[in-house]
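Computed over heavy atoms, backbone and side chain alike; hydrogens, waters and symmetry mates excluded.
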Amino acid sequence: MGERNVNNKKIIGIIGAMEEEVARLKEQMEETEVTTKASMEFCKGRLMGKEVVVVRSGIGKVNAGICTQILVDEYDVCAVVNTGIAGSLRAEIDIGDIVLSTDALQHDMEATAFGYPVGQIPRMDTLSFMADAKLREIAKAACERVNPEIHVHEGRVVSGDQFISDKEKKNWLIENFHGYCTEMEGAAIAQAAYLNGIPFLIIRAISDKADDSAHEDYPAFEAKAITHCVRLTAAIVQDYIK
């Protein structure tokens, strides 16, 4: 797929699905200017002394893909970080923990009638989209530093236009994809970044167990999850751009 020369670019794109996820980051920014494109507000400025663009994509894969492409085309970002919350797919990943993506795929993509494995986009040369190893390494060290009260995990993020809240669907995701967490935007951002040759990382704080308790857990743990993401994202920006 496309390759871009990112060596001289020093702007990081930061995407959150909900306003709650990006509002706290905007509060920490300086020298900001806001531009609206595709009904999304792109806030460019300095975070931890480094240039960033922070934007709320809205929920779902289409919003996320459009948002990523605008960051590439209009701001020439050197990397994309997607922050947010997700449901856990593994027993050892507790509510409040952080998952860093090794890779991401779309669990609601299904073209098995044409010989593709479930999750693979037809005529793409990969089942999943690999996250940037350097970003993940920086994020892991940063998370252990700024969020010492929680655990950080590295694994596959599976995305689809569904809020997973029943055990049967959760078990299907585990059996087919061996994912670490499930949410609604990350793999679309990963695909857009892959097509443009841009490094990316998906950060997910766990807000629920993606089962029959999800509706009950989500509101109670959302605020704590966002706090962990905000701390981590600011630390990544500081450490990634020198």
Side-chain angles (χ1 to χ4, degrees), residues 1 13-18 21-22 40 55-72 79-90 93 97-112 116-122 124-132 135-136 139 153-166 168-196 198-211 214 218 222 225-226 229 233:
M1 293 300 168
I14 300 171
I15 302 174
M18 300 183 298
E21 298 175 44
V22 299
M40 303 173 193
V55 55
R56 178 182 66 85
S57 66
I59 295 169
K61 293 187 299 177
V62 173
N63 282 327
I66 290 170
C67 184
T68 307
Q69 193 61 49
I70 292 172
L71 285 172
V72 173
V80 174
V81 175
N82 176 217
T83 71
I85 52 186
S88 171
L89 293 177
R90 297 174 72 95
I93 304 177
D97 284 355
I98 291 278
V99 173
L100 306 174
S101 63
T102 54
D103 62 327
L105 60 77
Q106 298 173 39
H107 67 71
D108 56 355
M109 175 58 66
E110 197 272 303
T112 54
Y116 294 96
V118 64
Q120 182 160 348
I121 300 164
M124 293 287 288
D125 58 0
T126 183
L127 170 67
S128 65
F129 305 102
M130 301 301 297
D132 185 70
L135 269 172
R136 198 171 80 243
H153 307 266
E154 298 174 274
R156 173 174 287 172
V157 175
V158 297
S159 309
D161 288 322
Q162 303 165 2
F163 180 76
I164 307 302
S165 58
D166 69 83
E168 183 178 353
K169 184 67 175 184
K170 176 180 178 178
N171 289 337
W172 183 85
L173 293 176
I174 294 168
E175 290 167 9
N176 281 279
F177 305 116
H178 311 290
Y180 275 54
C181 66
T182 181
E183 39 79 279
M184 302 173 73
E185 294 83 29
I189 290 166
Q191 181 182 347
Y194 173 80
L195 290 171
N196 285 282
I198 296 294
F200 78 89
L201 181 68
I202 302 162
I203 299 168
R204 286 294 180 266
I206 300 303
S207 61
D208 60 83
K209 288 287 190 176
D211 57 18
Y218 183 93
E222 180 185 48
I226 290 171
C229 278
T233 303

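Side-chain contact of Glu183 with Ser159: a donor-acceptor pair under 3.5 Å is present, judged by distance alone. Neither side chain, His107 nor Asn176, offers a donor N or O lying under 3.5 Å from an acceptor on the other.
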So Thr68 and Ile15, side-chain contact (heavy atoms from CB on, under 4.5 Å) or not? Walk me through it.
CA-CA 8 Å; Thr68 307; Ile15 302 174; 3.5 Å; yes
Would you sort out whether Ile98 and Ile203 count as a side-chain contact (heavy atoms from CB on, under 4.5 Å), showing the intermediate values?
CA-CA 7 Å; Ile98 291 278; Ile203 299 168; 4.2 Å; yes
Assess whether side-chain contact (heavy atoms from CB on, under 4.5 Å) is satisfied between Glu185 and Arg204, documenting all intermediate values.
CA-CA 11 Å; Glu185 294 83 29; Arg204 286 294 180 266; 4.0 Å; yes
Would you check, one step at a time, whether the test side-chain contact (heavy atoms from CB on, under 4.5 Å) holds for Met40 with Ile66?
CA-CA 10 Å; Met40 303 173 193; Ile66 290 170; 4.0 Å; yes
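Using modelled atom types, no side-chain atom of Arg136 and backbone atom of Glu154 make a donor-acceptor pair closer than 3.5 Å. Of the possible polar contacts, one joining the Thr126 side chain to the Ser128 backbone as a donor-acceptor pair under 3.5 Å is found. Of the possible donor and acceptor atoms, one in the side chain of Thr182 sits under 3.5 Å from a partner among the backbone N and O of Val158. Although no hydrogens or angles enter the test, the distance criterion places no donor-acceptor pair under 3.5 Å between the side chain of Gln106 and the main chain of Gly160.
Here Leu127 pairs with Leu105, Pro117, Gln120 under the side-chain contact (heavy atoms from CB on, under 4.5 Å) rule; sequence neighbours left out. Not counting sequence neighbours, Asp161 has no partner by the salt bridge (charged side-chain N to carboxylate O under 4.0 Å, His left out) test. With sequence neighbours excluded, no residue satisfies ring-ring contact (aromatic ring centres under 6.0 Å, His included) with Phe200.
None of Asp108, Asn63, Ile59 except one satisfies the side chain to side chain contact (heavy atoms under 4.5 Å, CB included) rule with Met184; the exception is Ile59. Among Glu168, Lys170, Lys169, the single residue meeting the side chain to side chain contact (heavy atoms under 4.5 Å, CB included) criterion with Trp172 is Lys169. Of the candidates Ile93, Leu89, Leu100, Ile93 is the only one forming a side chain to side chain contact (heavy atoms under 4.5 Å, CB included) with Tyr180.
Here the straight-line distance linking atom CG of Asp103 with atom CZ of Arg156 works out to 4.0 Å at 0.5 Å rounding. The CG atom of Asp166 sits 7.0 Å away from atom CD1 of Ile164, with the distance rounded to the nearest 0.5 Å. Distance check, rounded to the nearest 0.5 Å: OG of Ser57 to CG of Asn82 gives 7.0 Å.
Ala104 and Ala187 make their closest contact through CB-CA, 3.9 Å (heavy atoms, listed as atom of the first residue, atom of the second, distance). Considering all non-hydrogen atoms of both residues, Ala188 and Gly65 come closest at CB-N, 4.2 Å. Contact between Ala79 and Ile198 at its shortest, heavy atoms only, is CA-CG2, 3.8 Å. Minimum heavy-atom separation, Gly87 to Ile206: C-CD1, 4.2 Å. Leu201 and Ala131 make their closest contact through CD1-CB, 4.2 Å (heavy atoms, listed as atom of the first residue, atom of the second, distance). Ile202 and Gly186 get closest at one heavy-atom pair: CD1-O, 3.4 Å.
Under the 4.5 Å side-chain criterion, counting only non-hydrogen atoms from C-beta, Met124 is in contact with Tyr194. In this structure, the side chains of Val118 and Phe177 come closer than 4.5 Å at one or more pairs of heavy atoms.
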